[in-house]
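The structure appears right after this line, and notes come after that.
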Amino acid sequence: MAETTKTAKLTIDGESYDLAMYAPTEGPEVIDIRKLYAQAGVFTYDPGFTSTASCDSTITYIDGEAGVLLHRGYPIGQLAKESHYLEVCYLLLYGELPSAAQLEEFETLVTRHTMIHEQMHNFFRGFRRDAHPMATMVGVVGAMSAFYHDSTDINDEHQREVASIRLIAKMPTIAAMAYKYSIGQPFVYPRNDLDYASNFLRMCFSVPAEEYEVNPILARAMDRIFTLHADHEQNASTSTVRLASSSGANPFACIAAGIACLWGPAHGGANQACLEMLREIGTPDRIPEFIERAKDKNDPFRLMGFGHRVYKNFDPRAKVMKESADEVLELLGIENNPTLQVAKELERVALEDPYFAEKKLYPNVDFYSGIILDAMGFPTSMFTPIFALARTVGWVSQWKEQLADPQLKIGRPRQLYLGAAQRDYVDIEQR
Ligand code: SDX
């Protein structure tokens, strides 16, 4: 726990209350209000948690004003360029960059847990073929607690570790199976001679009728997309995982809850919604029409892939994603991709518009990711499952951190009640 740095004074109806304050390594100081209700009989009020720290953490730091994202202190731009996803997984899980020996041991461990219980194949077959792959993932990951009951005891450190590795290792297999099932193709087993990203691409795109060669350009781009989505502080889905875990729910149930929350178009579903929006715009000459709609208070339309609760500057992930989009599409010989042209022009027009400038709305991680995934051959329905796959390590790391916190209590917010005061039941004859 952080040290008390100073005291905040709160005065209510002439009564004064001292509240301890703590200083972070980086970012805003916090006011400890845990005893406020007991001392002053009042709640704080913060729907959407715009000014609330739900926990302390050492995993990820975001400076929204400066557009900075650090994982265990390392800038995301450096990790995306110099590192690779499984090394970032090790960093998020254990707090330090691994030695060569530690990395090899970790990669071998993950590789050897990529298959799922054969009985789970039947579970997929209970879904309609046209089920959204996110629906399948929520169901299958939740069902893992039935197939891997030997790693559900959250009070057993070894079982927590096994569940963590199983989730990180098996998520690509489950996501690929959800995709194959949705297009009526046979499931493809993982291969231990392939790296994490290459394995996922092969499980998605290979068919029994011919050999499949992984394109190294696509594998590198896939791995970088995984890294850019790995963790992001206390976002909605991570907070969902933490809240579910605070009740003692098993790890698979908690991660399934995170997947369900991520699905929303305001969160991880934005990558699918953004590409569909760019396709609906179609050509640069239609951009002004959509900019006006986004600014119209009476129109629920928002620019998908734009804006962020925390970033009031460029999302650093969007910058790397934009560079990667240029690189991948050029290497694939589709650099004049019309959707990419619309995206770049939309970004240029929006950033010059006072509405977006005043509200500090910039492209976020979801603005360019869909363009790369589309160029790689994924349908839009697979965009959010890929986000969920990559974010699993963040959810798991935050889940482990919370369970190790001696202050852990069940999460149970209160409310500002504006409903009816107590009244007596009225018989139907008197109503
Ligand atoms: C992710 O939290 C995370 O870290 C999430 C994430 C992660 O890695 O986990 O980064 C991943 O979810 C990225 C965000 C993906 N979502 C989208 O791209 C959907 C479009 N964006 C918006 O829905 C919105 O920007 C949010 C949900 C992302 C953030 O919303 P906030 O912080 O609640 O801000 P707000 O809705 O209060 O908006 C502030 C103002 C409003 O106008 P006023 O009421 O003040 O007049 O800005 C406007 C909004 O109407 N606004 C937009 C807009 N986003 C906000 N107007 C047009 N287009 C937009 N995209």
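Whatever order the structure lists them in is the order used to number ligands and atoms, beginning at 1. Note that the structure is a prediction, hence the values are computed from the model and not measured.
- The ring pair (Phe, Tyr, Trp, His ring centres under 6.0 Å) check on Phe49 picks up nothing, with sequence neighbours excluded.
- In this structure, Arg293 satisfies the cation-pi test against Phe301, with its NZ or CZ atom closer than 6.0 Å to the six-membered ring centre and inside 45 degrees of the ring normal.
- For a heavy-atom separation below 4.0 Å, the residues in contact with ligand 1 are His232, Asn235, Pro265, Ala266, His267, Ala270, Ala294, Lys297, Arg302, Leu303, Met304, Gly305, Phe306, Gly307, His308, Arg309, Arg317, Tyr355, Lys359, Leu361, Asn364, Asp366, Phe387, Arg391.
- The ring pair (Phe, Tyr, Trp, His ring centres under 6.0 Å) contacts involving residues 236-282 comprise His132-Trp263, where partners must be two or more places apart or lie in separate chains.
- Not a single side chain to side chain donor-acceptor pair (under 3.5 Å) links Arg112 to another residue, sequence neighbours left out.
- In this structure, Lys359 satisfies the cation-pi test against Tyr355, with its NZ or CZ atom closer than 6.0 Å to the six-membered ring centre and inside 45 degrees of the ring normal.
- Residue Glu289 places its CD atom among more than 12 non-hydrogen atoms of other residues, nucleotides or ligands, all under 6.0 Å distant.
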